[in-house]
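In what follows, chains are A, B, ... by sequence order, proteins preceding strands, each numbered from 1.
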There are 4 protein chains.
Amino acid sequence: MLLLTLNQGDGVPLYLQLVSQIKALIATGRLIPDEELPAVRVLALQLVLNPNTVVRAYRELEMAGLVYKRRGAGTYVSAGVTPYTNDECRKLLAQRADALLVEGRNLGYPVEHLIVLLRERSAMLKGGASDDKERD
Amino acid sequence: MLLLTLNQGDGVPLYLQLVSQIKALIATGRLIPDEELPAVRVLALQLVLNPNTVVRAYRELEMAGLVYKRRGAGTYVSAGVTPYTNDECRKLLAQRADALLVEGRNLGYPVEHLIVLLRERSAMLKGGASDDKERD
Amino acid sequence: MLLLTLNQGDGVPLYLQLVSQIKALIATGRLIPDEELPAVRVLALQLVLNPNTVVRAYRELEMAGLVYKRRGAGTYVSAGVTPYTNDECRKLLAQRADALLVEGRNLGYPVEHLIVLLRERSAMLKGGASDDKERD
Amino acid sequence: MLLLTLNQGDGVPLYLQLVSQIKALIATGRLIPDEELPAVRVLALQLVLNPNTVVRAYRELEMAGLVYKRRGAGTYVSAGVTPYTNDECRKLLAQRADALLVEGRNLGYPVEHLIVLLRERSAMLKGGASDDKERD
DNA sequence: GTGGTCTAGACCACA
DNA sequence: GTGGTCTAGACCACG
């Protein structure tokens, strides 16, 4: 079962959250070529979403060439695709980094503190218990 | 001049970004009671957005009891706002940090790379850039 | 169809008139829990005002806990709204009645004239007129 | 001392409340020709208003020919003016009547009940104790 | 179809 | 000058 985590309230469109998380799973090989994605209805049930939202996410992925559909069968990961260019990666990460920096600045934390925090959280996430997302 | 940084592309409504950032500035005492906030039109000019968007942010802050308005005069920080505890600050920052870490790991970036990126972006934010574009 | 009447000329913001009238309809059980309110655009058309004005009224009602929204679906009356007591109703009406009486006395109209006027206006409001213009 | 009652929160502009109340006082002879109105600052103090608001009300009255000003002396009621035409009276009263009718309808009160209420309140206002406005 | 956000720009009330 | 309300109309997310 796919480990996807949606954040309903933060303003980021749900289908985009899906797209980016699935992209990342493909980019890191956790979803391998020709692996089948969950059926739309199954994923919708699992994530408590409207199926159309999943449909839209899959459609975006298909248009990006990252997955392909076989009528009556399912949705599968494409082979040999690079979901992100290096530039895209950097942009995505820069956005996250900026969010951290801005929050830090507004709360009065210098960058060095943020870096310390980052190392701490990194150790925690790797170590195990986290109130947040996935692990490997 | 208020240091506020908007991220136009990340899906979070602009007025909410304003609200949470100003909330942080108040809760950490960087904006003190009865201090005047920038006029709606001034802030709108500064941030290059529509005055109504600022109006809406200020209105949310007013309803949350964080600011008060004097007709024809201006908008001011309320007194008696309960400041963020250190714990609350750390929680907010940990959320942001985790988001960065997870995205980084999904894209195959080690923590040390993220830290380099963080320093780069930090320099840029201070330099004045406020959007999510890259620049060398 | 919701019976709402706006008074464009009396200085009270339109969105507030909407809020208080819908509040009254809910608090007296004339709108029941989970009943769907008219769509924003529908009500805007019906009342001949800008959809954003209705949006604002609905938003205030939502923040007051009187209605809830389902994205892409509609706006619905919340359950568990504490209804107006008879006393509260009478107080609200007494305010309006007093305003009429005071104005009438200031202008030298006896109560009986006011009652005649009230009957006339009542017939007009039922007939469909919803503005403050006279008509014979 | 002028008996004026302002309703700060109801959306009706303060200066308009002043204008209409003073008009009514003139119309009913409670302010007689050449009687002096309170000085702007005095009235502003009494009503806890910005003096400019009073200035504006007096200016409107002057432009309507209802009062005149003697430089260095004060503001006085004009002679032989009719503040309201019959039509204007009816419009003002119709607005009040409509407000009562709409509130009554939204609260589920038939017109006849409103009329009963009106008589009750009328008796109360004349009798004495009222949580509201003036008397004679 | 629904509501949500944002822009552009109007006019008003108030200090 | 300040904030407040309203209009007109754009595009987006969601069912």
Side-chain angles (χ1 to χ4, degrees), chain A residues 6 8-19 44 49-57 60, chain B residues 6 8-9 11-18 36-44 47-62 67-76, chain C residues 6 8-9 11-18 36-44 47-62 67-76, chain D residues 6 8-19 44 49-57 60:
Chain A
L6 293 184
Q8 286 268 6
D10 72 353
V12 180
L14 300 176
Y15 82 94
L16 277 185
Q17 294 184 43
L18 282 182
V19 166
L49 280 180
N50 186 292
N52 283 330
T53 305
V54 180
V55 166
R56 179 156 182 189
E60 297 261 323
Chain B
L6 294 182
Q8 287 268 7
V12 179
L14 299 176
Y15 79 91
L16 279 184
Q17 295 184 42
L18 282 181
E36 186 171 358
L37 292 179
V40 166
R41 293 159 174 86
V42 169
L43 191 51
L47 298 175
V48 195
L49 43 77
N50 189 286
N52 281 331
T53 304
V54 179
V55 163
R56 181 160 180 188
Y58 278 16
R59 167 176 282 269
E60 300 260 321
L61 287 166
E62 186 186 25
V67 307
Y68 62 92
K69 294 179 184 146
R70 286 171 40 206
R71 313 243 293 200
T75 304
Y76 305 86
Chain C
L6 294 182
Q8 287 268 7
V12 179
L14 300 176
Y15 79 92
L16 279 184
Q17 295 184 44
L18 283 181
E36 186 171 358
L37 292 180
V40 167
R41 293 159 174 86
V42 169
L43 191 52
L47 298 174
V48 195
L49 41 76
N50 189 284
N52 281 332
T53 304
V54 179
V55 164
R56 182 161 179 187
Y58 277 16
R59 166 176 282 269
E60 300 259 320
L61 288 167
E62 186 186 25
V67 308
Y68 61 91
K69 293 178 185 148
R70 286 171 40 206
R71 311 245 292 201
T75 303
Y76 305 85
Chain D
L6 293 184
Q8 285 269 5
D10 71 353
V12 180
L14 300 176
Y15 82 93
L16 277 185
Q17 294 184 42
L18 282 181
V19 166
L49 280 180
N50 187 292
N52 283 331
T53 304
V54 180
V55 165
R56 179 155 183 190
E60 298 260 324

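In terms of the side chain to side chain contact (heavy atoms under 4.5 Å, CB included) criterion, residue partners of C:Asn50 (sequence neighbours excluded) are, by chain and number, C:Asn52, C:Thr53. Checked against side-chain hydrogen bond (donor to acceptor under 3.5 Å, both in side chains), B:Glu60 has the following partners two or more places apart in sequence or in another chain: C:Arg59. Residues satisfying the salt bridge (charged side-chain N to carboxylate O under 4.0 Å, His left out) criterion with B:Glu62, sequence neighbours excluded, are B:Lys69. Residues satisfying the side chain to side chain contact (heavy atoms under 4.5 Å, CB included) criterion with C:Val42, sequence neighbours excluded, are C:Pro38, C:Ala39. For C:Tyr76, there are no side-chain hydrogen bond (donor to acceptor under 3.5 Å, both in side chains) partners two or more places apart in sequence or in a different chain.
The two residues B:Gln17 and B:Val12 have their closest heavy-atom pair at NE2-O, 2.9 Å. Considering all non-hydrogen atoms of both residues, A:Ala44 and A:Pro51 come closest at CB-CA, 3.7 Å.
First and last contacts of DNA chain F with chain C, using any nucleotide atom under 4.0 Å from a protein heavy atom and ordered 5' to 3', fall at F:dT5 to F:dG15.
No engagement by B:Arg70 is indicated, since no non-hydrogen atom pair under 4.0 Å with the nucleic acid exists.
When each of B:Leu14 and C:Val40 is assigned the nucleotide of DNA chain E with its nearest heavy atom, C:Val40 is the one assigned upstream, toward the 5' end. Residue B:Asn52 is the one, among D:Leu16 and B:Asn52, whose nearest nucleotide of DNA chain E lies closer to the 5' end (criterion: closest heavy atom). Along DNA chain F, the nucleotide nearest C:Ala73 and the nucleotide nearest C:Thr53 are compared for position; the residue whose nucleotide lies closer to the 5' end is C:Thr53. Nearest-nucleotide positions on DNA chain F for C:Tyr15 and C:Gly72 put C:Tyr15 closer to the 5' end.
When rounded to the nearest whole Å, the span between CD of D:Glu60 and P of E:dC12 equals 11 Å. Taking atom CG of D:Leu49 as the reference point, atom C1' of E:dC14 lies 10 Å away to the nearest angstrom. Spacing between atom CZ of D:Arg56 and atom P of E:dC12 amounts to 9 Å, rounded to whole angstrom units.
By the 4.5 Å heavy-atom criterion applied to side chains, D:Leu49 and D:Leu18 are counted as neighbours.
In DNA chain F, stems built from 3 or more consecutive Watson-Crick or G-U wobble pairs, each with both distances under 3.5 Å, span E:1-14 with F:1-14.
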